[in-house]
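Reading through the structure tokens given below for one structure.
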Amino acid sequence: MQSSPFARFLRGAAAVFLLGVVTFACAPSPKSSLSQGLLAGDAASRVYVAPGSYDEFYSFLSGGFSGQLSVYGLPSGRLLKMIPVFSQFPENGYGYSEETKALLSTSFGSVPWDDTHHTELSQTDGVPDGRWLFINANNTPRVARIDLKRFETTEIIQVPNAAGGHASPFVTPDSKYLVSATRFSVPIPQADVPIDSYRKNFKGTLTFITANDPGRMDIAFQIMMPGYDYDLGHAGKGPSDGWFFFTTYNSEQANTKLEVNASQADKDYIAAVDYRKAEQCVAGGKAKNFGGTYAHNYVDPISQIARSELKTGVKMLSPTDCDGVVFYIPTPKSPHGVDIDPSGEYIVAGGKLATVIPVHSFTKMQKAIADKQFEKTIDGIPVLKYEAVIAGEVQKPGLGPLHTEFDGRGNAYTSMFISSEVVKWKLGTWEVLDRMPVYYSVGHLMIPGGDTRKPWGKYLVALNKITKDRYLPTGPEMARSAQLIDISGDKMKMLLDFPTTGEPHYAQAVPAVLLKSASLKFDKLSENTNPNVTTSESGGSITRTGKRVDVKMIAIRSHFAPDNLEGIQLGDTVYFHVTNIEQDWNIGHGFAVFGATTAGLILPPGSTRTLKWVPPGVGVYPFYCTDFCSALHQEMQGYARVSAAGSAVPLTANISKAATSQGGRLPGAPAGGSR
Ligand code: RUQ
Ligand code: CUA
């Protein structure tokens, strides 16, 4: 293979990749997609979900640079919902209403836009359990919990002593911990040092975050690591349960022109962390009390109001103080993904520049540790011998391997970024079984449960970086493209292209039955403990406290009560606390007021949301419902009168005469459901 044309091709292509000029040079022609599997009509019937029918799987795709995630049905590829996490979201007012703002708080203040990379479902015994979905923020390192009864973000914790939370938020099989690792090493603690003192002053950290207790996410401990880039991670399972594996690149410790300087070494490392050993060392007092300030934000499940607290200090463990807590496994070459097969024995790395896919053996790793088969030690971390740990190498897999998932039938599927294909290969024999071209430059791929102990190995979704000619052109920017592939047979079959929001790095999916029936339909008004809730037509009010005016009102088809407000003065700050008192699934209202600097509020049934409004001048300002809720939605409006400061106009709020009948429906208006 050394002198074969293929090897020369690989070297040439790797050089091209290094120069960064070609990202999809080897992409096959789009015309060939239909010949790669089924006839068009056949493929269409495989993804057809008849109107009114449900999809078989929920899938959760990270939104990448949008800071959000989105929910798609599979196999149809229909977009079901976008869930805002680290970014404000105009579709439902997330991050704009007073109740949700605190979720975006960090030690740097409010960060209303971040970059997400990986979605991860909570697990019980190594299998997705449908309780929560976790997702990371990369730029300001954070981890969020999404409650899958509500499909809403309910908790976010910041990760201190880190920069770039990319290897995150991978979960242990019991959901005890989530991890986050520094993609970018930095001085820890931060310090004003020359950048070219990188080798001396820059460090990485691996963070373990407690995850199993909603409202109590916390930094369990951190491990101080050599200053490399820590890229991705996955927990062990089965026999390797208790271990966590992280890829590193830039073990060269370059601090400039990384595309060349961090691609010098033949091998970087996978860091294998024995986190039960870390727990013992922390319990045994071997961790240092270390600084670091971080925000913990949490939506109170009763009042549905988010609160933020700032915390300080973590337990920091050094490998030199805790023998056997971390080992490095040499791995070619600038590895990106690290994926553990369903049995827990094989550790698969995707070396972006490697010509093979190396697969390590957990059994051999344990033996190598017991036999002290070490090459050297770096900062207290023994480096195991490659030959002592390697189980096998997949030869000629393609170009630019990144990520691998499993079907539970002994097969692995690896994404090939440069050669734009998904490659199926066999665990144990390492032979390539099949290839499927994808369009173009696939990053992650996802099989429902494909990183767990029990994959639902029916479909594979390729998450592609470049769309180009796949859809009607929409100017210089195109939506990213996902492709659905049938993996139930021997040969992969291309079924469907569908556009995605943002850049989905990773994704997760579960059978719909796991979540469908538990999905919340509305919040019960009787359980709404927001202190500014209004539960009845006549319960609204307007009150003044100095220059602050609080308005409590209800929204119901098709009015607000009260609907006319007077006595507000220029210089006041007005808080509109609006409660949607509907008790019916999916009956929402909105609230917007003229002169506001954001659009307003969106109110799911049973909820209270608050809009802060500083009137821009004297006058009369209409407010209205922004969500077409009924035949008389256009009538759902009111006025706020603003007088000069010191005016004698009394503070009043009326209840509209048209709104006095309970339920608030005008004669002749439909009873509901017509939105
Ligand atoms: S990454 S395309 Cu942010 Cu997980 Cu590999
Ligand atoms: Cu309420 Cu439109």
Side-chain angles (χ1 to χ4, degrees), residues 22-25 27-34 36 40 43-44 46-49 55 57-92 94 112-119 133 135-139 146 151 400 402-403 415-418 420-422 436-448 459-485 494-509:
V22 171
T23 50
F24 46 91
S29 144
K31 309 248 164 24
S32 61
S33 63
L34 281 182
Q36 286 295 328
R46 303 288 297 276
V47 301
Y48 181 68
V49 177
D55 276 290
F57 289 92
Y58 282 102
S59 69
F60 300 92
L61 275 58
S62 151
F65 44 68
S66 77
Q68 300 160 348
L69 71 96
S70 36
V71 187
Y72 294 81
L74 296 180
S76 73
R78 295 186 294 196
L79 174 63
L80 304 178
K81 185 173 193 165
M82 289 168 67
I83 303 177
V85 188
F86 299 109
S87 299
Q88 287 180 311
F89 191 46
E91 189 176 288
N92 65 6
Y94 177 89
W113 183 14
D114 210 315
D115 173 32
T116 65
H117 280 240
H118 306 112
T119 51
L133 183 76
I135 189 166
N136 64 322
N138 195 45
N139 186 42
I146 284 99
F151 286 63
L402 291 184
H403 297 282
S415 55
M416 297 288 165
F417 181 83
I418 301 177
S420 277
E421 59 187 333
V422 171
M436 170 61 71
V438 289
Y439 307 92
Y440 304 93
S441 303
V442 58
H444 276 273
L445 43 69
M446 180 274 289
I447 293 170
Y459 298 114
L460 181 151
V461 179
L463 300 155
N464 307 320
K465 304 294 188 191
I466 310 276
T467 310
K468 282 239 159 180
D469 50 15
R470 298 300 290 180
Y471 307 135
L472 285 174
T474 55
E477 273 192 300
M478 302 273 291
R480 295 291 190 277
S481 131
Q483 292 185 295
L484 184 75
I485 298 169
M494 181 61 74
L495 298 179
L496 180 72
D497 277 22
F498 62 96
T500 66
T501 62
E503 181 198 349
H505 284 253
Y506 194 33
Q508 296 267 280

Step by step, would you call Thr501 with Tyr72 a side-chain contact (heavy atoms from CB on, under 4.5 Å)? CA-CA 10 Å; Thr501 62; Tyr72 294 81; 3.9 Å; yes
With side-chain contact (heavy atoms from CB on, under 4.5 Å) as the criterion, how do Thr500 and Ser70 come out once you've worked through the C-alpha distance, each side chain's angles and the decisive distance to 0.1 Å? CA-CA 8 Å; Thr500 66; Ser70 36; 5.8 Å; no
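Gln68 contributes atom CD, which lies 10.5 Å from atom CD of Gln88 (distance to the nearest 0.5 angstrom). Atom OH of Tyr440 is separated from atom CD of Glu421 by 14.5 Å, given to the nearest 0.5 angstrom. For the atom pair CG (Leu133) and OH (Tyr58), the distance works out to 13.0 Å, reported to the nearest 0.5 Å. Leu463 contributes atom CG, which lies 13.0 Å from atom OG of Ser441 (distance to the nearest 0.5 angstrom). The OH atom of Tyr94 lies 13.0 Å from the CE atom of Met82; values are rounded to the nearest 0.5 Å. Summarising the geometry, atom OG1 belonging to Thr116 is positioned 12.0 Å from atom CG belonging to Asn139; distances are rounded to the nearest 0.5 Å.
Here the rule is side-chain hydrogen bond (donor to acceptor under 3.5 Å, both in side chains) with His444, and of His117, His403, His505 only His403 fits it. Partner of Tyr459 under the side chain to side chain contact (heavy atoms under 4.5 Å, CB included) criterion, out of Val47, Ile447, Leu484: Leu484 alone. The side chain to side chain contact (heavy atoms under 4.5 Å, CB included) test with Ile485 singles out one residue from Val461, Leu496, Leu460, and that residue is Leu460.
Here the side chain of Thr119 pairs no donor or acceptor atom with the backbone of Ile135 at under 3.5 angstrom. In this structure, the side chain of Thr467 engages the main chain of Ala479 through a donor-acceptor pair within 3.5 Å. Judged purely by atom type and a 3.5 angstrom limit, Ser415 uses its side chain to pair as donor or acceptor with the backbone of Gly443. Looking only at distances, a side-chain donor or acceptor of Thr474 sits under 3.5 Å from a matching main-chain atom of Glu477.
Between Pro84 and Asn92, some side-chain heavy-atom pair lies under the 4.5 Å cut-off. Side-chain atoms of Lys468 and Met478, non-hydrogen and from C-beta on, never get closer than 4.5 Å to each other. At least one side-chain heavy atom of Arg470 sits under 4.5 Å from a side-chain heavy atom of Gln483. Within the 4.5 Å cutoff, side-chain heavy atoms of Pro504 are placed close to those of Arg480. Between Tyr471 and Ser481 the shortest side-chain heavy-atom distance falls below 4.5 Å.
Shown here for Val422 and Ala462, the closest heavy-atom pair between the two residues is CG2-CB, 4.4 Å. Of all non-hydrogen atoms in Val85 and Leu69, the two that sit nearest each other are CG2-CD2, 4.0 Å. When all heavy atoms are compared, the tightest approach of Ser66 to Ser87 is O-OG, 2.8 Å.
Under the 30°/60° scheme for interplanar angles, the aromatic rings of Phe60 and Phe151 are found to be tilted. Ring planes of Tyr506 and His118: perpendicular class, angle over 60° (limits at 30 and 60°).
Remark: the Asp55 side chain and the Ser76 side chain contain an N/O donor-acceptor pair separated by less than 3.5 Å.
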